[in-house]
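Just so you know, ligand 1 is whichever comes first in the structure, and atom 1 is the first atom listed for that ligand. We use all heavy atoms of the structure for the numbers below, so side chains are in, but hydrogens, waters and symmetry mates are not.
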Amino acid sequence: MSKVALITGVTGQDGSYLSEFLLSKGYEVHGIIRRSSVDFRECIAHLEGQPNFHLHFGDLGDSMSLVKVVGKVKPTEIYNLAAQSHVQVSFDSPEFTADVDATGVLRVLEAVRACGLEKTCRIYQASTSELYGKVEEVPQNENTPFHPYSPYAVAKLYGFWIVKEYREAYNMFCCSGILFNHESERRGETFVTRKITLAAARIAQGLQDKLYLGNLSSLRDWGYAKDYVECMWLILQNDKPEDFVIATGVQHSVREFAYYAFKHAGIELKFEGEGMNEKGICVAGPENLIGKTLVEVSEDFYRPTDVVNLWGDPTKAKAKLGWNPSKTSFEELVKIMVDSDMAKVAAEGAAQKVRMNLAEYLEKGIVK
Ligand code: GDD
């Protein structure tokens, strides 16, 4: 039987990598996108037009749209990756976050039942290490108690439990991947890693003066998103439906991420001071930056409750799925992201120069 995957959140970092991965495995891939007047398809632009890649309009907030797409596509696997995924945003938009990240999961499960596919369609739910929140154990594994610590995490906890409930109540093959932070050159620009790599590239190329961050001591287990999508797929190929922690098993602070990112961009930072007064000062690198404060702390990026000690134990995924959590090291991940942003910023800088030159020429009447 041919394999047909349906991906919600297909336009995001994970959705785009998963699409590539499944296409390479011979799947027919269908993605759900929201109607919008602005273009947000940058991550999947290279896939559009491929014969096995199809897009459908739908929304996790609209059950009828889900029933229609699921009924039309008749997927053998669904990957529910769509979400309001920003933890800080969930404090400003808690109701929207609950609707998409909690009830949205229920809508996907119900759409599968409404279409009579509960025996043939396997469902992957994008769950999160944020469930461990105010952590009760370090490192965290599948048996660690949950303690969600943001509106986002509380909504995701509902998603996790409703998936488990449908597995037990209706015998559906649905499971959650409890993914720790996973990053890449396609990461959204407001998540801390990408914010840092983009700023390091801009500062190194003279296009930005300073980077403002929140809690520099926060600890995360950061992996490469491209490696993690393989695990989503492996979870659905397992003999029985089970939940898995996906992580590297290695932990670093936001401060360390910044240190390595700037270093790779040719700038060595020394951190001085504490808490709100901590600063990252350039001690080696381009002459004009030496002695300058390039990183400062701002209250704006602190959260009402922050999760500060995430560290995953991927033993179960290694043993049962044969997944390799060490494929891309922390240093390699930082390098991939900085290299990509250095090139992006250089291209933007060149385009800006062309625009400025043109404006100057027009002003001087050289070009008419
Ligand atoms: N975004 C952001 N911006 N975070 C900052 C900043 C800043 O300027 N400064 C410090 N941080 C700290 C946050 O307080 C948090 O402790 C840590 O950096 C990571 O923040 P994010 O990169 O925004 O990610 P997250 O851990 O909150 O959530 C991400 O990972 C989860 C998996 O654990 C998201 O992708 C979630 O959707 C995902 O579930």
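Counting heavy atoms closer than 4.0 Å to ligand 1, residue Arg303 contributes side-chain atoms (C-beta onward) but none from N, CA, C or O. Within the 4.0 Å heavy-atom criterion, neither part of Glu189 lies near ligand 1. Both the backbone and the side chain of Leu213 come within contact range of ligand 1, each with a heavy atom under 4.0 Å. In Val308, neither the side chain nor the backbone holds a heavy atom less than 4.0 Å from any atom of ligand 1. By the criterion of a heavy-atom distance under 4.0 Å, the side chain of Arg220, and not its backbone, is placed next to ligand 1. Under 4.0 angstrom from ligand 1, the non-hydrogen atoms of Ser218 all belong to its side chain. Residue contacts with ligand 1 for Val192 involve both N, CA, C or O and side-chain atoms from C-beta outward (heavy atoms, distance under 4.0 Å).
Numbered from 1 in the order shown, with element, the atoms of ligand 1 that lie under 4.0 Å from a heavy atom of Leu179 read 32 (C). Which parts of ligand 1 touch Phe301 is read off a 4.0 Å heavy-atom cut-off, strictly below it: atoms 7 (C), 8 (O). Under a 4.0 Å criterion applied to the non-hydrogen atoms of Val87, ligand 1 contributes the atoms 27 (O), 28 (O).
Salt bridge status for Glu332 with Lys226: absent, with no side-chain N to carboxylate O gap under 4.0 Å. With respect to Glu165 and Arg167, no salt bridge is recorded, no charged nitrogen being found less than 4.0 Å from a carboxylate O. The pair Lys195-Glu189 fails the salt-bridge criterion, with no side-chain N (NZ, NE, NH1 or NH2) lying under 4.0 Å from an Asp/Glu carboxylate O. Look at Arg194 and Asp341 and you find a salt bridge, because one of the NZ, NE, NH1 or NH2 atoms lies within 4.0 Å of a carboxylate O, short of that distance. Salt-bridge check for Lys327 with Glu230: passed, with a basic side-chain N closer than 4.0 Å to an acidic carboxylate O. With respect to the salt-bridge test (charged N to carboxylate O, under 4.0 angstrom), the residues Glu110 and Arg107 do not qualify. By the 4.0 Å N-to-carboxylate-O rule, Glu130 lies too far from Lys156 to be salt-bridged with it.
Of the candidates Asp221, Asn181, Thr305, it is Asn181 that places a heavy atom closest to atom 25 (P) of ligand 1. In the candidate list Arg187, Lys195, Lys156, Arg187 is nearest to atom 35 (O) of ligand 1, counting heavy atoms. Of the listed options Ser253, Ser85, Ser150, Ser85 places a heavy atom closest to atom 36 (C) of ligand 1. Scanning Leu219, Thr190, Thr128 for the heavy atom closest to atom 1 (N) of ligand 1 points to Thr190.
Ligand 1 lies within reach of Val307, whose nearest heavy atom is under 4.0 Å from it. Under the 4.0 angstrom criterion for non-hydrogen atoms, Leu216 is not in contact with ligand 1. Ligand 1 lies nowhere less than 4.0 angstrom from a heavy atom belonging to Gln13. In this structure, Tyr302 falls outside the shell of residues with a heavy atom less than 4.0 angstrom from ligand 1.
The nearest heavy-atom contact from the protein to atom 33 (O) of ligand 1 is Ser129 OG, 2.4 Å. Closest to atom 38 (C) of ligand 1, if we only count protein heavy atoms, is Tyr152 OH, 3.5 Å. Looking only at heavy atoms of the protein, atom 14 (O) of ligand 1 is closest to Asp306 OD2, 2.8 Å.
A cation-pi arrangement is present between Arg187 and Phe191 under the rule of less than 6.0 angstrom and at most 45 degrees off the ring axis. Taking the centre and axis of the six-membered ring of Tyr170, the NZ or CZ atom of Arg113 falls inside the cone set by 45° and 6.0 Å. Cation-pi check for Arg220 over Phe180 is not met; the charged atom does not lie both under 6.0 angstrom from the ring centroid and within 45 degrees of its normal.
Residue contacts with ligand 1: Thr193 is placed with no nitrogen or oxygen under 3.5 Å of a nitrogen or oxygen of the ligand (distance criterion only). Polar contact check, Gly214 against ligand 1: a nitrogen or oxygen pair lies under 3.5 Å apart.
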*Kindly determine whether Asp221 and Thr248 satisfy side-chain hydrogen bond (donor to acceptor under 3.5 Å, both in side chains), including the steps that lead there.*
CA-CA 6 Å; Asp221 179 328; Thr248 66; 2.6 Å; yes
*Test side-chain hydrogen bond (donor to acceptor under 3.5 Å, both in side chains) on Ser340 and Glu185 and set out the steps.*
CA-CA 6 Å; Ser340 166; Glu185 58 274 41; 5.6 Å; no
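Ring centroids of His252 and Phe330 are separated by less than 6.0 Å, placing the two rings close together. Between Phe146 and Tyr132, a ring centre-to-centre spacing shorter than 6.0 Å is recorded.
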